[in-house]
Engineer: 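Take a look at the following structure, please.
Please read these numbers as outputs of a predicted model, since none were measured by experiment. Chain letters run A, B, ... following the sequence lines, proteins first and then strands; every chain starts at 1.
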Amino acid sequence: MRSYINKLADYRDFEFEHEADLRCPKEYIEKQLRHITRGSRRTEKAEVLQKGDVAVLKLESKAAKFDRPSVTLTVGGGLFDKELEEKLVGRKVGERFAVTVNGEEVKTEVLSATRSVYPEPDDEMVKKYVAGKDDMEGVETVEQYIEHIKSHYAAEKKQETVFGILDSVAEYVLTHTDWEFDEKEVQKVYDDMYTEMCEWVKDEMGTSFEELFDDELTAQTGAENKAQLLEMIRADAERAIASALFVHKYTDGKEPKEIDLNEIYDLDWSFLQDYVTENIRFIEE
Amino acid sequence: MITYATDKNYDELVAEGVVLVDFFGVHCGPCKMLAKSLDELDDEFPFLNIVKVDTDKCPEQTEKFRINGIPDLYFYKDGKVLFHQPGMVDAEEIRSKLAEILY
């Protein structure tokens with residue numbers, strides 16, 4: 001490679017949280033159990049509001065958002081207004097009261113409320129739900145299903161934790177190392193990335209990059225327009241070269257003569273993954 | 001409430017209120033992940049209308065919307081598309097968009 005490192009940052013200097021709780025929260029288990037009981041969900045009238053109830057409210061306020069003859073929301077769902085929703089818990093249907101939300105007085109009346117009621121899960125529901133799901137082979141009872149939920153949660157949380165830290169460590173090294181990029185090398189990787197992106201747009205969106213509208217581009221990439229996306233690809237190209245130099249420095253020390261996308265995608269980051277994993281204490285059930 | 005659309009009843013299902021439409025395929029992995037998120041949204045916000053369109057069973061709507069990749073989400077309000085979200089999206093992004101459209 002023609003790009004090179006002037007001074008490499010030490011990834012071990014990066015500080016991170018050395019403990020991760022992999023125990024599955026009760027709310028998560030309840031949410032997952034609903035996947036097997038939701039087919040038998042029923043709705044009943046609620047008298048005193050609880051988190052999760054659907055309430056219809058009449059609101060009066062100087063603030064337009066809180067001045068509505070009727071608004072339907074889920075208490076604690078957070079879609080309408082978290083502060084107001086928190087103040088609804090314990091209120092009765094028919095009750096009129098005033099609360100202060102975002103500094104504004106809001107006269108509130110609870111017009112009606114309903115609650116979703118889920119049946120207790122049983123083994124038959126579990127069998128029906130897991131049928132045909134390869135990743136749940138052997139799960140037949142509610143107890144086994146809960147164990148599956150817990151282990152799945154722990155595995156995902158562990159991966160999320162390790163990869164989150166891995167990203168931060170890599171970011172630390174990439175931003176604290178003094179690199180010297182070869183312009184021709186960056187251009188080559190940029191060209192490869194650009195070609196790959198154009199092919200992806202054609203395959204996935206059935207159009208060419210040139211004909212792509214900005215809103216479609218934003219939805220897929222987060223870039224506001226094509227010029228910004230091309231700048232992002234350029235930065236990615238430099239980042240890819242830096243990653244290759246970094247990984248090779250810490251693994252075999254053998255840099256490839258020419259850098260290409262396959263080489264970048266095949267980089268062996270396991271040394272860093274092992275380092276992060278070994279330095280975290282995982283709290284399990 | 002989650003409803004499965006047909007080519008014939010699609011327009012009727014999206015005509016009123018806030019409707020979230022999910023174009024999906026039964027063998028599509030990301031669609032299954034999104035389906036789980038939509039089920040959870042339906043549990044939490046049962047007053048929402050979620051319409052699922054199986055692209056194999058609804059060729060006319062799939063063609064009309066030029067669906068080239070799935071999953072593909074459309075957010076409607078009173079029959080009009082307010083927002084289009086092609087590709088996989090997480091539940092938080094959907095919630096944020098719904099909050100904007102609903103209130």
Side-chain angles (χ1 to χ4, degrees), chain A residues 28 30-39 41-43 51-57 59 64-66 68 71-82 84-85 112-118 129 132-135 200-207 212-213 215-222, chain B residues 1-2 16-18 20 23 25-30 32-50 55 62-75 81-103:
Chain A
Y28 182 86
E30 280 171 7
K31 205 172 175 183
Q32 295 304 310
L33 282 172
R34 285 181 180 178
H35 285 292
I36 65 169
T37 57
R38 66 192 316 277
R41 180 178 78 185
R42 62 187 170 79
T43 305
K51 192 179 175 195
D53 287 347
V54 172
V56 181
L57 309 175
L59 303 175
K65 181 181 175 181
F66 300 107
R68 298 163 185 250
V71 62
T72 304
L73 54 81
T74 294
V75 178
L79 286 196
F80 181 64
D81 187 275
K82 280 184 184 171
L84 174 71
E85 289 170 25
S112 65
T114 54
R115 182 170 299 152
S116 294
V117 180
Y118 296 81
Y129 180 70
K133 290 186 170 70
D134 296 340
D135 63 331
W200 180 84
V201 168
K202 194 179 171 190
D203 291 347
E204 292 294 320
M205 306 182 79
T207 184
L212 199 63
F213 292 112
D215 63 334
E216 293 172 309
L217 187 81
T218 305
Q220 290 291 340
T221 66
Chain B
M1 186 175 68
I2 295 181
E16 277 181 42
V18 172
L20 174 58
F23 283 88
V26 285
H27 302 296
C28 149
K32 287 177 188 168
M33 286 166 66
L34 182 62
K36 217 171 168 187
S37 296
L38 294 182
D39 282 350
E40 286 169 14
L41 274 174
D42 180 51
D43 286 335
E44 203 173 355
F45 307 101
F47 54 89
L48 268 180
N49 293 309
I50 298 173
T55 48
T62 303
E63 176 71 25
K64 184 178 162 188
F65 283 85
R66 294 171 57 205
I67 306 293
N68 293 304
I70 46 176
D72 204 348
L73 289 179
Y74 283 84
F75 294 73
V81 175
L82 292 194
F83 185 69
H84 174 212
Q85 173 67 61
M88 187 56 192
V89 60
D90 68 33
E92 273 314 303
E93 284 178 67
I94 300 175
R95 288 169 69 104
S96 147
K97 193 48 71 180
L98 282 172
E100 206 178 293
I101 296 171
L102 274 166
Y103 306 116

Engineer: Does any non-hydrogen side-chain atom of F83(B) lie less than 4.5 Å from one of V81(B)?
Structural biologist: no
Engineer: With a 4.5 angstrom heavy-atom cut-off, could you sort out which part of D72(B) is near chain A: side chain, backbone, both or neither?
Structural biologist: neither
Engineer: Mind checking whether L98(B) and V18(B) have side chains closer than 4.5 Å, heavy atoms only?
Structural biologist: yes
Engineer: Please verify the inter-ring angle class for Y129(A) with H35(A); under 30° counts as parallel, over 60° as perpendicular, anything in between as tilted.
Structural biologist: parallel
Engineer: Quick one: what part of T72(A) sits under 4.5 Å from any heavy atom of chain B, side chain, backbone, both or neither?
Structural biologist: both
Engineer: Chain A: which of L102(B), N68(B), I70(B), D39(B) shares the most heavy-atom pairs with it under 4.5 Å?
Structural biologist: D39(B)
Engineer: What do you reckon, are the aromatic ring centroids of F80(A) and F45(B) less than 6.0 Å apart?
Structural biologist: no
Engineer: Would you call the rings of Y74(B) and H84(B) parallel, tilted or perpendicular, where under 30° means parallel and over 60° means perpendicular?
Structural biologist: parallel
Engineer: Heavy-atom pairs under 4.5 Å with chain A are the metric here; pick the option from K36(B), K32(B), M88(B), E93(B) that has the most.
Structural biologist: K36(B)
Engineer: Only pairs of heavy atoms separated by less than 4.5 Å count here; which of Q32(A), R41(A), R68(A) has the most with chain B?
Structural biologist: R41(A)
